[in-house]
Amino acid sequence: MRLSHAFIPTLKETPAEAQIASHRLMLRAGLVRQTSAGIYAWLPLGLRVLRNIERIVREEQDAAGAQEILMPTIQPAELWKESGRYEDYGKEMLRIRDRHDRDMLYGPTNEEMVTDLFRQSVRSYKELPQILYHIQWKFRDEVRPRFGVMRGREFLMKDAYSFDIDHAGAVASYRKMMLAYMRTFQRLGLKAIPMEADTGPIGGDLSHEFIILAPTGESQVYYDAAFEEIDYGAGGGFSHEKPEDLARFFEVMTGHYAATDEKHDTARWDQVAANRKREGRGIEVGHIFYFGTKYTKSMGATVAGPDGKQVHPEMGSYGVGVSRLVGAVIEASHDDNGIIWPDSIAPFKAVILNLKVGDAGCDALCARLYAALGGNALYDDRTDRAGAKFADADLMGHPWQIIVGPRGAAAGTVELKRRATGERVEVTPEAALARIGG
RNA sequence: CGGAGCGUAGCGCAGUCUGGUAGCGCAUCAGUCUGGGGGACUGGGGGUCGUGGGUUCGAAUCCCGCCGCUCCGACCA
């Protein structure tokens, strides 16, 4: 994409309403624009990040055996009346009425709808387990939206729902999702810690929230540094397939101390070695629940068990705040100059800075680099001064900056700058391309 | 939902107390010079002062209603 014609409106000054770093930077770097309280439009740069996070979430859900579906945003009130949550949910639920005066709602979550889909189609225990997920916009009419996309009213969430024939199966599904989550956050470059949590209005008796550390987090958290050393990826040896792996994984996850201030136990905390104690503010980026038959019972979802008797499947639900993660990643990764994107979700791998547009050498070299990198690169071909380009490049946070100036162009070299470290090296264009990779 | 504040050009703000028909910086447009960390100069464009009503000869300014947004607290992916 050529920056001269891209819809990436960067701001030199911070809009008055933005208080925290991620919100400020998302507005300044042109990722989003607010349309009303807690509701945002995603612009090209922000949308690319959102899609990248979505892709990683999707890959890890698929790897765990979950199947993607897409449920609507608008739901009929009837389903929620069946579960009893139509009344319980209160003002956070956006209630709307269609032209026939039917009560509808903009979905804040999808337990009812997925249970309805399930009960329509699944008849036998042989079809279990099932884990269904979708990545869809939700609406929760928060009393006080704030912090930009971190606490919006409309937000993109990945929510998964598991159906198992018995408690043991449900626990296995729960552990699978927990593993998928740890892998997801690790790939996003985040240190997420699973912490025991209350189940809230969703109900149930087993629940973890996934929290990342950031100074602007909403709750105080305490955990054992052991979490930071665990490899959840291929090297960790955990597999979704083997129950014993999942059990071992779950043991590791629950074997170290981790708690939010609500559940903080000072006696247990005192037993953690001083050099492994970590505490700070945390942002919740995911939450998983096991709640058994709460919905399958209230909504009459049954399957035939091995003995021919009808049983209510055991369920769990698993949420990741996809749009919130964009803000959370920025909270965890930025400096005074702007965003520092992890390579895995950066909107562009690299930006090509043409320091002298109009100089034949610079133009030709940039064109060559741009052709080689294609859609992975943003080409700053604006006629602005070098300083403005450096400032915008740092602000937008591209992992690599390829700096092309007249001197280097004449000598056949470019400068390659790594955003995260500030390290700059003078190399040939080919070496720069090789370093950045496909 | 309790408490507080703000709404004036795309963004950041002044002007409001003390009423006289709107201004600064940045951005933007044209031009010249510049050219490796948000450059300089010259000239230009852009605002029903959130909105409705009231007071007044006259309202961004005073009074009332409404809308929107933000902050602190309680609550939440």
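Convention: sequence-line order gives letters A, B, ...; per-chain numbering from 1.
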Rounded interatomic separation in angstrom, taking CE from A/M157 and C1' from B/A77:
6 Å
Nucleotide B/C75, atom P - distance to OH of A/Y89 in whole Å:
17 Å
Sugar-phosphate, base or nothing in reach of A/K138, heavy atoms under 4.0 Å
nothing
Given the C1' atoms of B/G15 and B/A40, what is the spacing between them in whole Å?
30 Å
Which pairs would a plain distance check flag for residues 351-363 of chain A, meaning a side-chain donor or acceptor within less than 3.5 Å of a matching protein atom at least two apart in sequence or in another chain?
residue : atom : partner : partner atom : Å
A/N354  : OD1  : A/K356  : N            : 3.1
A/N354  : OD1  : A/V357  : N            : 3.4
A/N354  : ND2  : A/D363  : OD1          : 2.9
A/N354  : ND2  : A/Y379  : OH           : 3.0
A/D359  : OD1  : A/G361  : N            : 3.0
A/D359  : OD1  : A/C362  : N            : 2.9
A/D363  : OD1  : A/G358  : N            : 3.2
A/D363  : OD2  : A/G358  : N            : 3.1

Starting from C1' on B/A77, measure out to CH2 on A/W137 and report it in whole angstrom.
13 Å
Nucleic acid contacts of residues 49-61 of chain A, taken as heavy-atom distances under 4.0 Å to RNA chain B:
none
In Watson-Crick or G-U wobble terms, both distances under 3.5 Å, what is the partner of B/U18?
none
Is the closest basic N to carboxylate O distance between A/R95 and A/D103 below 4.0 Å?
no
Hey, are A/Y295 and A/R85 close enough side-chain-wise for a donor-acceptor pair under 3.5 Å?
yes
Taking B/G35 as the reference, what is the distance to B/C41 when you measure between their C1' atoms (whole Å, please)?
16 Å
Gap between atoms CD1 and P, on A/I212 and B/A77 respectively (whole Å)
15 Å
Sort me out a list of protein N/O and nucleotides 70-72 of chain B N/O pairs below 3.5 Å, or just none if empty.
residue : atom : partner : partner atom : Å
B/U70   : OP1  : A/Q34   : NE2          : 3.0
B/C72   : OP2  : A/R144  : NH2          : 2.3

Using a cut-off of 4.0 Å on non-hydrogen atoms, how would the nucleic acid contact of A/G152 be classed: base, sugar-phosphate, or nothing?
base
Mind checking who B/C11 pairs with, Watson-Crick or G-U wobble, both distances under 3.5 Å?
B/G25
Take atom P in B/A60 and the same atom in B/G39, then report the distance between them in whole Å.
36 Å
Salt bridge between A/E142 and A/K91, side-chain N to carboxylate O under 4.0 Å?
no
If the P atom of B/C57 is compared with that of B/G10, how far apart are they to the nearest Å?
35 Å
Would you measure the distance from the P atom in B/A9 across to the matching atom in B/U34 and give it in whole Å?
37 Å
Got a salt bridge between A/K389 and A/D384, using NZ or NE/NH1/NH2 to carboxylate O under 4.0 Å?
no
Side-chain donor-acceptor pair present, A/T109, A/E111, cut-off under 3.5 Å:
yes
Nearest-Å distance, CD (A/E13) to C1' (B/A9)?
14 Å
With sugar-phosphate taken as primed atoms, P, OP1 and OP2 and all else as base, the protein-contact string of nucleotides 35-46 of chain B at under 4.0 Å (heavy atoms; B, S, -) is BBBBB-------
Counter-base of B/U70, judged by Watson-Crick or G-U geometry with both distances under 3.5 Å
B/A4
Establish, yes or no, whether a centroid distance under 6.0 Å links the rings of A/F227 and A/H256.
yes
Assess, by modelled atom type and distance only, whether the side chains of A/H287 and A/E284 contain a donor and an acceptor separated by less than 3.5 Å.
yes
Less than 3.5 Å apart, any donor N or O on the side chain of A/D261 or A/S219 sitting next to an acceptor on the other?
no
For A/D62 and A/Y133, does a side-chain donor sit closer than 3.5 Å to a side-chain acceptor?
yes
Enumerate the salt bridge (charged side-chain N to carboxylate O under 4.0 Å, His left out) contacts for residues 390-412 of chain A, please, sequence neighbours excluded, ordered by first and then second residue.
A/R382-A/D392, A/D394-A/K417, A/D394-A/R419
Can you tell me how far C1' in B/G68 sits from the matching atom in B/G50, rounded to whole Å?
7 Å
Donor-acceptor pairs are to be reported for all side-chain atoms of residues 177-193 of chain A against protein atoms at under 3.5 Å, with residues two or more places apart or in another chain.
residue : atom : partner : partner atom : Å
A/Y181  : OH   : A/K158  : NZ           : 2.7
A/Y181  : OH   : A/Y318  : O            : 3.0
A/Y181  : OH   : A/G319  : N            : 3.0
A/Y181  : OH   : A/G319  : O            : 3.4
A/R183  : NE   : A/Y232  : O            : 2.7
A/R183  : NH2  : A/F238  : O            : 2.6
A/T184  : OG1  : A/A180  : O            : 2.6
A/Q186  : OE1  : A/Y232  : N            : 3.0
A/Q186  : OE1  : A/G233  : N            : 3.4
A/R187  : NH1  : A/E59   : OE1          : 3.1
A/R187  : NH1  : A/E60   : OE2          : 2.9
A/R187  : NH2  : A/E59   : OE1          : 2.6

Less than 6.0 angstrom separating the ring centers of A/Y257 and A/H264, yes or no?
yes
Gap in Å between the two P atoms, one belonging to B/C75 and one to B/A14, rounded
35 Å
With both distances kept under 3.5 Å, what pairs with B/C62, Watson-Crick or G-U wobble?
B/G54
B/C49 to B/U61 separation - P atoms, rounded to the nearest Å
9 Å
